[in-house]
Each structure stands twice: as structure tokens, then as C-alpha cells.
Amino acid sequence: MLDYNELTVPEATLLQRELQEKVMLAPYKGPLNYIAGADISFNKFSTTVYAGIVLLKFPSLIPVGYSLVKKEVHFPYVPGFLAFREVPALLDAWEQLPLKPDILVVDGHGIAHPRRMGIASHFGVLAQQATIGSAKKKLYGVYEEPGPEKGSVSLLTDRKGQVLGNVLRSKTNVKPIFVSPGHLVDVPDSLRILRQCIQKYRLPEPTRLAHNAVNQFRLGAIPEGWTGMS
DNA sequence: GCGACAG
DNA sequence: ATCTTGTCGC
């Protein structure tokens, strides 16, 4: 693939506009027996990133395996261009997965992005994979604060009213999370599916477990590569 | 010019 | 994102 490390922000913007035309949003029809979560971890000031994807059975959400990879990145973190830092490493982890999930939940936004091209959409188009973005903070859009009760939701839209995703109160009296479709899924289904991934914590199991995995990996508690669980 | 600003 | 202890509230 193209080397993102040498791209300038203007060039990255052009690429986002090109890839954006390939994003497909539609109700999710396929099967849903496996779901996965993707995340990245790194040491502050370091150019080494630790990427990981955790595969879980659905709807039990029991983890069945994970893929972990280490990679060098030079593209800086620039709001709106997160994909250029994390997607390359995530694709490496993706290729190592013996079994691809039906849906991949990415830590970050999908179309809830200035150019509708958040990391979940970016990854989805490149991997031709159905993806959902689950973020802890807003990047773009406007919304009304959902009720304090677990399960409350409100729409996230652009200033013209176009729907970008949902703001979901996954736990009572806890900050909400932002859910948006990445690729090959639509807004209603991305929310419906993500809701089924909430168990005991604020964050959905797929990305929560992926986050734990990449952190342990970075700290040397887990070896690189693919490992089935059971 | 002033805020906002995924990870 | 990461670092980092205690503290407040359900």
C-alpha cells in the first residue's frame, strides 16, 4: 500500500476525498457470528505503535483470539487524520487474523468526521470490511446531551442536519460514547449492533478488550503474533 | 480572530 | 494516547 509516512496533510486530505467516494452505507444483512475490536497503544514521544485486533464470538462476546503487531509510524497525530497514523499497523494485524469477523469495531469515528472519513470508514474501505466506529469523544458534529439513564441516545448530525451517528449513554450517569457507521453498515444498524456489545463497562467489549490487549502487549506481557484463546 | 480538536 | 493517587459518588 501507499506509504502514509511521507504524506503531507494536504495530500492526506485528497486521499480522504478519494476514498470517501467508496464508502458504502446500508443496512447490515450479512451473518453476525463473529465481531472484533481494533485499537492502538504507544509510549508518549515514541514512533513505535502497538496494534491489535481481538476476535470475539457473537452474541456471547467471548474472546476467541487476538492478533498483535508492532510497527514504526512517522505521520503525526493530527485531529481528522488519525487513520494515517493507525491504519497501516491495523492492516498488518488484520492480515494475520486466520478468521475475519463479520463486523469490526474500531476505536475512533466512522463517518462522524469533517469529510465523512474517520478511521473506521478508512479501514473499512481499504479492507473491504463492514466496520463501526466507537469513540470516547466527539470530533465533529452537533448533538443534544442524551438522558442520564443507560440506553439513552441522541443523534449526532452536521450543522445542516445530516445524520452522522448516535451519542449513546452506555452506562447510567457516565459520559456517553459516539457511535457511527464506518463502512457497509448504516446508522441504525451500527447503533443496534454496538448496543449488543455493551456489558459491564462504558466501552463496548470489542474495543475494550482490544485496548487491554495492546496495552499488555506494549508492556511486554504478551508476545507478538496471533494467538487463539479457548 | 476565536474556539474545537478521534487517538 | 500516556503518566499518575487519591477521592468522590452510586
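Protein chains get the first letters and strands the later ones, always in sequence-line order, with residue 1 at the start of each. Every value quoted in this text rests on a predicted model; they were computed, and no experiment measured them.
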TODO: Whole angstrom is fine here: how far is it from OH in A/Tyr143 over to P in B/dA6?
DONE: 12 Å

Task: Rounded distance in Å - CZ (A/Arg85) to P (C/dA1) - done: 12 Å

Task: Ring-base stacking, A/Tyr77 with B/dG7 (5.5 Å, 30° cut-offs) - done: yes

- [ ] Grab the NE2-C1' distance between A/His113 and B/dG7 for me, whole Å please.
- [x] 12 Å

Open item on the list: Tell me whether the side-chain N/O atoms of A/Asn215 come closer than 4.0 Å to OP1 or OP2 in C/dA1.
Closed with: no

- [ ] Scan A/Gly133 against the nucleic acid and name what it touches under 4.0 Å (heavy atoms): base, sugar-phosphate only, or nothing.
- [x] nothing

Task: Value in whole Å for how far the C1' atom of B/dG3 lies from CG of A/Leu139 - done: 15 Å

Open item on the list: Tell me if the centroids of the rings in A/Tyr50 and A/Phe217 come within less than 6.0 Å of each other.
Closed with: yes

TODO: Indicate whether OP1 or OP2 belonging to B/dA6 is found under 4.0 Å from a side-chain N or O atom of A/Lys138.
DONE: no

TODO: Please state how far atom CG in A/Asn212 lies from atom C1' in C/dA1, giving the value in whole angstrom units.
DONE: 15 Å

Task: Ring centres under 6.0 angstrom apart (A/Phe123, A/His183) - done: no

Task: Length of the line joining A/Lys175:NZ and B/dA6:P, which is rounded to integer Å - done: 11 Å

Open item on the list: From CZ of A/Phe42 over to P of B/dA6, roughly how many Å is that when rounded to an integer?
Closed with: 12 Å

- [ ] May I ask you to evaluate whether A/Arg218 reaches the phosphate of C/dC3, defined as a side-chain N or O under 4.0 Å from OP1 or OP2?
- [x] yes

Open item on the list: For the aromatic rings, using the six-membered ring if either is Trp, is the centroid distance between A/Tyr4 and A/His122 under 6.0 Å?
Closed with: yes

TODO: Classify the side-chain pair A/Thr157/A/Gln162 by whether it contains a donor and acceptor separated by less than 3.5 Å.
DONE: no

Task: Among C/dT2, C/dA1, B/dA6, the one nearest A/Ser41 by side-chain distance - done: C/dT2

TODO: Can you tell me the distance, in whole Å, between the CZ atom of A/Phe84 and the P atom of B/dA6?
DONE: 16 Å

TODO: Check every strand shown and say whether A/Phe81 touches a base, only sugar-phosphate, or nothing at a heavy-atom separation below 4.0 Å.
DONE: base

Task: Side-chain (A/Asp189) to main-chain (A/Tyr28) donor-acceptor, under 3.5 angstrom - done: yes

TODO: Please figure out whether A/Asn173 or A/Lys44 has its closest DNA chain C nucleotide nearer the 5' end.
DONE: A/Lys44

TODO: Report yes if at least one side-chain N or O of A/Lys136 is closer than 4.0 Å to OP1 or OP2 of C/dA1; otherwise report no.
DONE: yes

Task: Under 4.0 angstrom between A/His211 side-chain N/O and C/dT2 OP1 or OP2 - done: yes

